[in-house]
Amino acid sequence: MSPRRTEAGGRIDRLRTIRFTFDGAPYTGHAGDTLASALLANGVTLFGRSFKYHRPRGVLTAGVEEPNALVTVLRGEVREPNIPATVVEIYDGLAAMSQNRFPSLAWDVNAINQLGGKLLSAGFYYKTFMGPVVGPLKGTRFWMFCEHFIRRAAGLGKAGTAPDTARYERMNAFCDVLVVGSGPAGLMAARAAADQGARVILAELEPHFGGSANWSGETIDGMPAADWAARAAGQLEGHDNVRLLPRTTVWGYYDGNTLAAIERVTDHKETPDKGEPRHRYWTIRAKSVVLATGSLERPLVFPGNDRPGVMLAHAAERYANEYGVLPGHRVALFTNNDSAYRAALALKKAGAAVVAIVDVRPELSSEMRKLAGETEAEIFSGHAVIATEGGKALSGFKVQRFDMANGALSGDARSIHADCLLMSGGWSPTIHLASQAGAKAEWNEGLQAFLPPKPTTRQWIGAGAFTGSFSTAEAIADGRAAGLSGAGATATPAALPAVEAAPGDPDPAPVFEIKAAGKSFVDFQHDVTSEDVRLAHREGFVSVEHLKRYTTLGMATDQGKSSNIPGLAIMAEALGKPITQVGTTRFRPPFSAVSIGSLAAERFGDLKPERLTPMHDWHVANGATMYSAGLWYRPMIYGHPGETIEQAYVREARATRESAGIVDVSTLGKIAVQGPDAAEFLDRVYTNMFSTLAVGKARYGLMLREDGLAFDDGTTWRLGEQDFLMTTTTANAGKVMQHLEYFLDVIWPELKVHVTSVTDQWAGAAIGGPNARQILAACVSGTAVDNAALPFMGIVHGEIAGVPVMICRLSFSGEMAFEVYSGAGYGTHVWEALIEAGKPFGLVTYGLEALGTLRIEKGHVTGAEIDGRTTGRDLHLDWMLSKKKPFIGSAMMDREGLIAPDRLELVGIVSLDNQPLNGGAHIVEELDEANPHGSLGHITACCYSPALGKYIALALVKGGKARRGTRAYVSDPLRNRFGPVEIVSNHFFDPDGSRMHG
């Protein structure tokens with residue numbers, strides 16, 4: 001028998017012995033133990049060292065809010081730091097290590113920091129290392145010298161460097177009612193909603209459903225509460241419309257009732273089953289959410305409240321009732337409320353000697369005196385703990401008479417021998433998810449806690465301790481009502497399970513701190529003391545947000561779950577204001593730590609995803625040299641053996657102009673714009689008219705930003721009266737989508753328009769050249785493709801190789817060209833059919849280099865020219881700026897600076913020395929290789945033109961249109977390229993469009 005394991009009781013499997021190690025020492029526990037409960041059972045009280053002072057720390061809680069007992073879990077070479085020992089389920093072979101100590105947990109050299117005193121108070125790094133003059137170390141130089149050592153000392157656990165070999169998954173789920181938390185309230189909510197036929201998801205962060213029922217020691221429906229909870233969960237499991245998610249923490253609440261959760265699938269297993277992920281990341285979209293997340297017990301603030309052996313009362317009760325572990329043999333309690341008396345009785349029944357109950361309240365109810373009598377403890381009403389004794393473990397504490405009205409201590413202090421001191425400072429409802437959803441917390445004077453406001457919609461509904469209903473009977477009633485409401489049903493009277501529970505008033509006395517000599521800790525993990533909070537006030541940090549950042553209160557891995565309210569209460573007292581005026585910080589996701597692996601899930605190996613077109617494998621198999629263009633991988637060239645890149649793209653571009661070429665354009669952004677006001681919306685978005693566009697036709701459009709500068713260009717196709725397909729440049733697809741959504745959501749919410757990104761739904765191939773129409777005619781069925789059926793900017797629907805396709809006649813190359821779109825799943829099939837049809841005509845596949853060459857020859861613009869600094873006029877697109885309607889940017893595009901005559905304008909550049917040009921090179925009037933200066937502009941894109949037999953480029957040059965026909969020089973000192981050029985029109989090839997229009 002372990003030193004502190006009870007002879008009976010608990011929900012562990014005493015027949016299964018689990019072997020594990022902590023700091024290399026072997027220990028045993030039982031199936032169902034956490035690392036914290038197993039170590040406590042083995043008599044371990046020292047779990048870690050505090051962040052700043054390296055004070056010895058023991059376990060404080062029994063759940064996810066644990067600030068002290070943080071460990072590193074080892075799986076082979078992979079190490080995961082900062083995991084609360086209270087949530088680590090033990091398994092055979094578990095290896096865990098303590099943190100923030102050297103050379104060992106028992107003997108930590110950095111414990112000398114405890115002698116630092118006020119030197120290490122709040123904001124010490126701002127004050128201690130700034131300004132002193134020590135030889136050459138003046139001003140901030142001294143800080144820079146100390147920074148290296150401070151950063152080495154910072155942090156708790158040490159992150160690993162070995163690759164994580166675990167697998168992770170992502171899942172999407174939809175439900176009518178999501179119930180978060182499976183205590184009595186959550187179980188009743190889930191059952192009530194399920195009985196109405198609603199699709200229900202019940203998420204519980206613990207391994208077992210039941211919440212407080214598993215350790216409360218109460219009776220529900222004539223049976224132990226834990227058995228009632230197990231039966232209720234079993235009944236829910238039998239429902240087809242219920243999904244149960246144990247070991248699942250709902251950590252984020254986002255717009256549209258979208259919630260994020262992480263399921264710990266195999267953390268409790270020595271070896272995962274075949275195909276099992278370690279973690280599963282859930283995105284849950286719910287019609288309504290029931291928040292039955294319970295509450296967290298608060299510590300009291302008094303000198304020595306962080307010593308190993310001091311823990312929260314409910315945690316000790318849970319260790320005894322759920323795990324069969326005594327946190328100590330001689331136990332005392334310090335409280336300001338009734339709930340601690342139930343814990344005292346539970347520990348007495350488990351075999352501990354309860355030596356004292358210290359209560360700050362001068363008068364106790366008869367029920368509490370009766371409970372205290374059953375524990376046989378000495379009662380100290382109207383007293384407070386003023387100090388603890390011991391080193392790495394508690395040996396005793398001191399009490400003194402306490403006046404609750406003014407906080408004064410009086411009389412002689414008395415020492416009491418105990419190896420465990422339990423404290424209870426009241427309860428704080430776990431309102432984090434409601435806060436994330438936008439709810440503003442409301443202070444309840446009776447409960448001395450922040451409660452969520454009453455919900456005004458069915459977005460979320462609270463139940464149980466989350467709403468301040470702390471009794472199990474109230475929680476059951478709350479849960480049923482919330483479940484019915486979430487399912488859209490009306491609550492009706494019904495017989496509810498009867499509850500037998502210890503009596504108690506949930507309202508605590510308004511006492512948070514006992515002012516006495518010694519360090520009194522508010523935030524245990526970050527070593528924030530009550531004096532730190534008062535120091536922040538004296539130094540002018542009076543906002544709760546400033547207090548948080550200056551003292552780091554609530555900024556540790558536990559996010560201040562147990563420390564926030566005491567800290568705010570101390571600040572309120574210092575300000576002389578009620579806590580309602582001080583307020584609370586806004587809770588942000590995640591509720592608890594989330595593994596990076598689960599967020600990435602199946603997508604790993606790079607910091608950004610690799611987007612592949614439907615024809616990607618075909619390109620690779622047919623000799624394409626691939627490279628990344630933004631997030632997409634696209635063919636650069638289809639090189640022949642021995643060819644250089646230039647030779648390959650020149651061959652591909654020449655063949656396209658002479659016969660025909662085909663290029664993969666699946667990467668173009670594609671956005672469905674649909675709804676009664678779609679045409680009106682496009683008129684406002686584009687500079688030119690789209691409401692006049694006929695069904696079955698496309699039009700080239702230009703977008704401006706609100707400041708009048710060019711944003712994006714592309715074609716939009718009218719597929720129906722209320723149905724448009726917008727195409728964008730590849731690079732700007734996401735930005736344009738955000739642009740459209742912003743204006744619909746914020747500026748014009750009255751417009752009945754829906755926009756949907758369909759980029760990945762369509763595979764696209766552009767086929768152009770003199771023989772392009774003949775190739776299409778050879779393989780397209782169901783429609784003609786002659787000039788009458790398919791004029792310039794016309795759209796037809798047909799089939800290629802049995803696959804439905806949509807074809808639009810438009811050109812980016814300057815040749816007669818067509819874009820052929822099919823469903824993404826058929827992209828390769830259609831692509832291969834087009835290539836087969838083109839073989840008699842010498843059709844070539846070409847990549848981005850040839851595509852760029854063809855567009856430069858034709859003078860079309862891309863992101864290199866639409867660079868956030870150019871206007872429609874700069875790009876000679878002023879013919880697209882409608883004078884008949886307003887549009888985004890129209891109010892700003894005529895500002896003086898945007899119509900100045902010396903603005904950079906688009907021109908063409910021809911190399912006169914037959915040498916290549918480089919993007920980014922400057923254009924100058926006078927060449928000065930020794931002192932380059934006088935830039936007129938710069939080259940945006942360049943190539944060798946097979947159509948002209950010259951090196952050419954597009955450039956942005958001051959007063960460019962007026963300079964056509966003049967000579968200048970290219971100045972590129974970084975690449976040592978200088979030489980004469982001629983400035984010409986940007987339309988190098990077929991300026992009248994005869995080839996494109998046919």
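Below, each value reflects all heavy atoms present in this structure, side chains not excepted, and no hydrogens, waters or symmetry copies.
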message: Please determine whether the number of non-hydrogen atoms from other residues, nucleotides or ligands lying under 6.0 Å from atom CD1 of Ile645 exceeds 12.
response: no

message: Please check: side-chain N/O of Arg967 versus main-chain N/O of Val981, any donor-acceptor pairing under 3.5 Å?
response: no

message: Consider side chain to side chain contact (heavy atoms under 4.5 Å, CB included). Of Ile923, Val907, Leu936, which one does Arg963 pass it with?
response: Leu936

query: Is Glu652 reaching over with its side chain to a backbone N or O of Tyr638, donor-acceptor style, under 3.5 angstrom?
result: yes

statement: Here the side chain to side chain donor-acceptor pair (under 3.5 Å) pairs for residues 912-921, sequence neighbours left out, are Ser911-Asp913, Asp913-Arg977, Asn918-Asp972

query: Do side-chain atoms of Thr625 reach the backbone of Met636 as a donor and acceptor pair under 3.5 angstrom?
result: no

query: So does Phe743 have more than 12 non-hydrogen atoms from other groups sitting under 6.0 Å from CZ?
result: yes

- prompt: Between Trp831 and His619, is the ring centre distance below 6.0 Å?
  reply: yes

query: Gln774 side chain to Asn771 main-chain N or O, any donor-acceptor pair under 3.5 Å?
result: no

- request: Would you check if the side chain of Thr828 reaches a backbone N or O of Pro614 as a donor-acceptor pair within less than 3.5 Å?
  value: yes

message: Could you check whether Arg964 pairs with Glu905 (Lys NZ or Arg NE/NH1/NH2 to Asp/Glu carboxylate O, under 4.0 Å)?
response: no

query: Do side-chain atoms of Asp990 reach the backbone of Ser994 as a donor and acceptor pair under 3.5 angstrom?
result: yes

query: Is the closest side-chain donor-acceptor distance between Asp712 and Thr728 under 3.5 Å?
result: no

- prompt: If you draw a 6.0 Å radius around CZ in Arg285, do more than 12 non-hydrogen atoms from other residues or ligands fall strictly inside?
  reply: yes

message: Between Glu857 (side chain only) and Ala947 (backbone N and O only), is there a donor and an acceptor less than 3.5 Å apart?
response: yes

- prompt: In terms of heavy-atom contacts, does NZ of Lys735 have more than 12 from other residues, nucleotides or ligands at under 6.0 Å?
  reply: no

message: So which atom in Asp760 and which in Ala824 form the shortest heavy-atom distance, rounded to 0.1 Å?
response: O-CB, 3.4 Å

message: Can you see whether Arg634 engages Thr667 through a side-chain donor-acceptor pair at a distance of less than 3.5 angstrom?
response: yes

- prompt: Minimum heavy-atom separation for His938 to Gly920, with atom names?
  reply: CB-O, 4.3 Å

- request: Before accepting this row, confirm whether a basic side-chain N of the pair Arg855/Glu865 lies closer than 4.0 Å to the acidic partner's carboxylate O.
  value: yes

message: Using a strict threshold of under 4.0 Å (side-chain N to carboxylate O), is an ion pair present between Arg869 and Asp874?
response: no

Criterion side chain to side chain contact (heavy atoms under 4.5 Å, CB included) against Tyr742, the qualifying member of Val746, Leu744, Asp745: Val746

query: Just by modelled atom types, is the Ser666 backbone N or O under 3.5 Å from a matching donor or acceptor in the Lys670 side chain?
result: yes

task: Please name the pair of heavy atoms, one in Leu956 and one in Asp867, separated by the smallest distance, quoted to 0.1 Å.
output: CD1-OD2, 4.2 Å

- prompt: Just checking, any donor-acceptor pair under 3.5 angstrom between side chains of Thr687 and Ser882?
  reply: no

message: For a quick test of reading the model, state the closest non-hydrogen atom pair linking Val984 to Ile909 and the distance between them.
response: CG2-N, 4.2 Å

query: Donor-acceptor pair, His754 side chain versus Gly675 backbone, under 3.5 Å?
result: no

message: Test your reading of the model: is there a side-chain donor-acceptor pair from Asp723 to the backbone of Leu719, 3.5 Å cut-off?
response: no

- prompt: With sequence neighbours left out, which residue pairs that include part of residues 802-830 fulfil the salt bridge (charged side-chain N to carboxylate O under 4.0 Å, His left out) condition?
  reply: Arg657-Glu815, Glu815-Arg995

message: Within this structure, what is the CZ-CG distance for the pair Phe978 and Leu927, rounded to the nearest 0.5 Å?
response: 6.5 Å

message: For Thr656 versus Gly768, what's the shortest heavy-atom pair and its separation?
response: CG2-O, 3.6 Å

query: Looking only at heavy atoms, what is the nearest atom pair of Ala968 and Val924, with distance?
result: CB-O, 3.4 Å

field: ring-ring contact (aromatic ring centres under 6.0 Å, His included) partners of residues 673-717, not counting sequence neighbours, each pair once
entry: Tyr686-Phe690, Phe711-His739, Trp717-Tyr821

